[in-house]
Protein chains: 2
Amino acid sequence: MMPEKVTIADVARRANVSRQTVSNVLNSPDLVREETRERVRQAVEELGYRVNQAARRMRTGRSRLLAVRIEQTQDGMNVFDRFLHGLTESAAKAGYRVILYSADDDRSEIATFDDLLGAYEPDAFVLTGTHYGDVRTSWLAERGLAFVTFGRPWGMPEGGDHPWVDVDGAAGTAAATRHLLDAGHRRIGFIGWPEGSGVGDDRRSGWVRALGEDAEDSEAGVLERRTDGSAAEGEAAARELIAAGATALVCVSDSVALGAMQAGPVPVIGFDDTPVAAAIGLTSLSQPLSEAAVRCVRVLTRLLEDDSPDKPDHVLLRPSLVIRRTA
Amino acid sequence: MMPEKVTIADVARRANVSRQTVSNVLNSPDLVREETRERVRQAVEELGYRVNQAARRMRTGRSRLLAVRIEQTQDGMNVFDRFLHGLTESAAKAGYRVILYSADDDRSEIATFDDLLGAYEPDAFVLTGTHYGDVRTSWLAERGLAFVTFGRPWGMPEGGDHPWVDVDGAAGTAAATRHLLDAGHRRIGFIGWPEGSGVGDDRRSGWVRALGEDAEDSEAGVLERRTDGSAAEGEAAARELIAAGATALVCVSDSVALGAMQAGPVPVIGFDDTPVAAAIGLTSLSQPLSEAAVRCVRVLTRLLEDDSPDKPDHVLLRPSLVIRRTA
DNA sequence: TCTAAGGGTTTGAACGTTCAAATAGCGGTA
DNA sequence: TACCGCTATTTGAACGTTCAAACCCTTAGA
């Protein structure tokens, strides 16, 4: 049986009304008399009618598509695919679909924005991996396009204010550090990323803050190493810190933490709760990714469907500590 | 600066030709005289024209979208996200975009097919995770819809023949087994999945085959355990096999292999080369996922653009052994 | 000279939807 | 009776593209 195309005209004929009335039942039900509405609904049901998004888009300029960049996985220890899964699901619930694109850097991503807008007119973009001097957000904002970032706008000047959803990295590392303090540790090291990474600096700040709470140890600054994020550098950094007297380590990522674990039997806490952490029993901070995805969609629907708010939405979620073997 | 909409009519005006000629330059360049073609191309360039896919789709019924289901990640030790990344890239090269959906089981996936076809009319579907009695493929085939599966049609009856791309699991485990034989092992165990999983049985068969090549050991069948795929059962199975005299283990997945590693210091080889394997130094079989993605797209473009072949394409790729610490 | 053929280009219509404006029906008021 | 105002519904047009058919021009053959 070939898939028969059911159009709004077919439904109209069946329900003995005009095309427009059917359209109204679907889009502005309150314009239609109760009885008619029911009749139309039944016809829709019986014929299995589904709105043709291409035709709708032609008329309204709305595609019901959200464009998302699929991230390059280097070591696979990232968090993006779980976020994407959540996004697909919550978008679907709100009547949107996710369309993917890939790009190597900001510039080529912007070129892709242009491409996509010409060809598919996504209603909004979801950006991940925000960073200092992010030109993507300004490009979109200048053109008045709808978007939300999963990640704060790090170091944005005045006016660079846009909707975002993020996870409070500092709260996470602070919780991790307190967990170690509670276990009696007093010399807790931190292995981070190079300065200038918004996410990395944020995570570091939680460790600093938590140590500050504890009066006994204020020489914190020295028990710290920066790495490129690889397990190899993580291990080297961990050895140095242990030699310097650290009895426990908080790490900026699971990848680094994995390296640190090789340095010796000190408690280690990672960040992101990747599958690797689960597999090797690494205590880690878990980002509420489904929740983040839900919030991203909510921010966007508010932007697209309700009258746009005068202040952009900002959502900051807290990660949770998943305690395993290593701490 | 607001994004100006450039239509085919704008280009036509600029190049002093009709709409249709512009359309021909884009779609059937050989119909247009060299000189005119060049003039049109320049106008396209200058105005930054991009075809409006919604309008095109209205007329032709072609959306240039490929629909893919985003897989539920249980333990995150899967292979799908890398495949998806490759698919997004090679689809883009061929002028297609990937649209995502999610579904909990075959039935709800079929309902989603219907939904998507009504609303977005994807030109084709890419299915993953084929299995015995897969009703999705027959649903699509009955309706004459274009699709390719990443995974063979396990145990399909006559007529159930469709295009597919897959990785030769048996060749992989055979290579792994030979690698262990070459290292001098004679009692090589296999930890698998329950019987009836197409993929699992295939991977097992490679181990059987490779052992058969070696005349010395034909009591192979006993050095074998089936598990639910968890690391916990993997560890238990490994202990039993080691107790039974196995000196090396081939595993159906990295997850199981991870468990097996905990059972003792015998060589272990996993399957899929997940980030976890890389992180813990597990020797594993790597699927050529980008290549698989490229081939999926190629199969589909042939199906959609060239006159459809009378025989469906079948592509079987070989995994490669990534040797690390554990074997 | 007339007709045929064919390459290159243009014209009108159509895809399925929704916007904007028009129309019908009906009760109430002047 | 005539008119107004309101609600419920219908009609025509338009979104941007491509298909199908028509048209124009040149060249070739009868």
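To find a chain, count down the sequence lines: A is the first, B the second, and so on, and within it residues start at 1.
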- Message: Centroid separation under 6.0 Å, is that true for the rings of B:W139 and B:F113?
- Response: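 Yes, close enough.
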Kindly write out the residues that satisfy side chain to side chain donor-acceptor pair (under 3.5 Å) with [X], not counting sequence neighbours, or none if the list is empty.
X: A:D168; answer: none
X: A:T128; answer: A:E71
X: A:R97; answer: none
X: B:R152; answer: B:D166, B:D202

- Got a sec, which pairs hit side chain to side chain donor-acceptor pair (under 3.5 Å) with one end in residues 20-32 of chain A, sequence neighbours left out?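 Matches after skipping sequence neighbours: A:S18-A:T21, A:Q20-A:N24, A:S23-A:N27, A:N27-A:R56.
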- If you look only at pairs with a residue in residues 85-111 of chain B, which of them pass as a ring pair (Phe, Tyr, Trp, His ring centres under 6.0 Å), with sequence neighbours excluded?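 Passing the test, one end in residues 85-111 of chain B: no pairs.
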- Query: Does A:T36 make a side-chain N or O approach to OP1 or OP2 of D:dT9 shorter than 4.0 Å?
  - Reply: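 Checking A:T36 against D:dT9: at least one side-chain N or O falls below 4.0 Å of OP1 or OP2.
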- Query: For residues 43-57 of chain A, which residues have at least one heavy atom under 4.0 Å from DNA chain D?
  - Reply: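 Contacts with DNA chain D under 4.0 Å: none.
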- For DNA chain D, determine which residues of residues 15-33 of chain B have any heavy atom closer than 4.0 angstrom to one of its atoms, and list them numerically.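 Here the set is B:R19, B:Q20, B:S23, B:N27.
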- Not counting sequence neighbours, which residues clear side-chain contact (heavy atoms from CB on, under 4.5 Å) with A:V294? List them please.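 side-chain contact (heavy atoms from CB on, under 4.5 Å) list for A:V294, sorted by chain: A:S90, A:R298.
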- Message: If the test is side-chain contact (heavy atoms from CB on, under 4.5 Å), which one of A:F150, A:W154, A:W164 qualifies with A:T130?
- Response: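 So the option named by the test is A:W154.
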- Message: With a strict under 4.0 Å distance from non-hydrogen atoms of chain B, what nucleotide opens and what nucleotide closes the contacted stretch of DNA chain C, reading 5' to 3'?
- Response: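 Result: C:dG8 to C:dG16.
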- Message: Do the side chains of A:D114 and B:R50 get close enough for a salt bridge, i.e. N-O under 4.0 angstrom?
- Response: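 Result for this pair is yes, salt bridge flagged.
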- Excluding sequence neighbours, so at least two apart, what forms salt bridge (charged side-chain N to carboxylate O under 4.0 Å, His left out) with B:E121?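 B:E121 satisfies salt bridge (charged side-chain N to carboxylate O under 4.0 Å, His left out) with A:K5, B:R57 only.
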- Side chains of A:T112 and A:D115, donor plus acceptor under 3.5 Å: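 Distance-only check fails for A:T112 and A:D115.
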- Message: Rounding to 10°, can you tell me the angle the first-five-pair axis of the helix from C:dT1-D:dA30 to C:dA30-D:dT1 makes with its last-five-pair axis?
- Response: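 Roughly 80°, once rounded to the nearest ten degrees.
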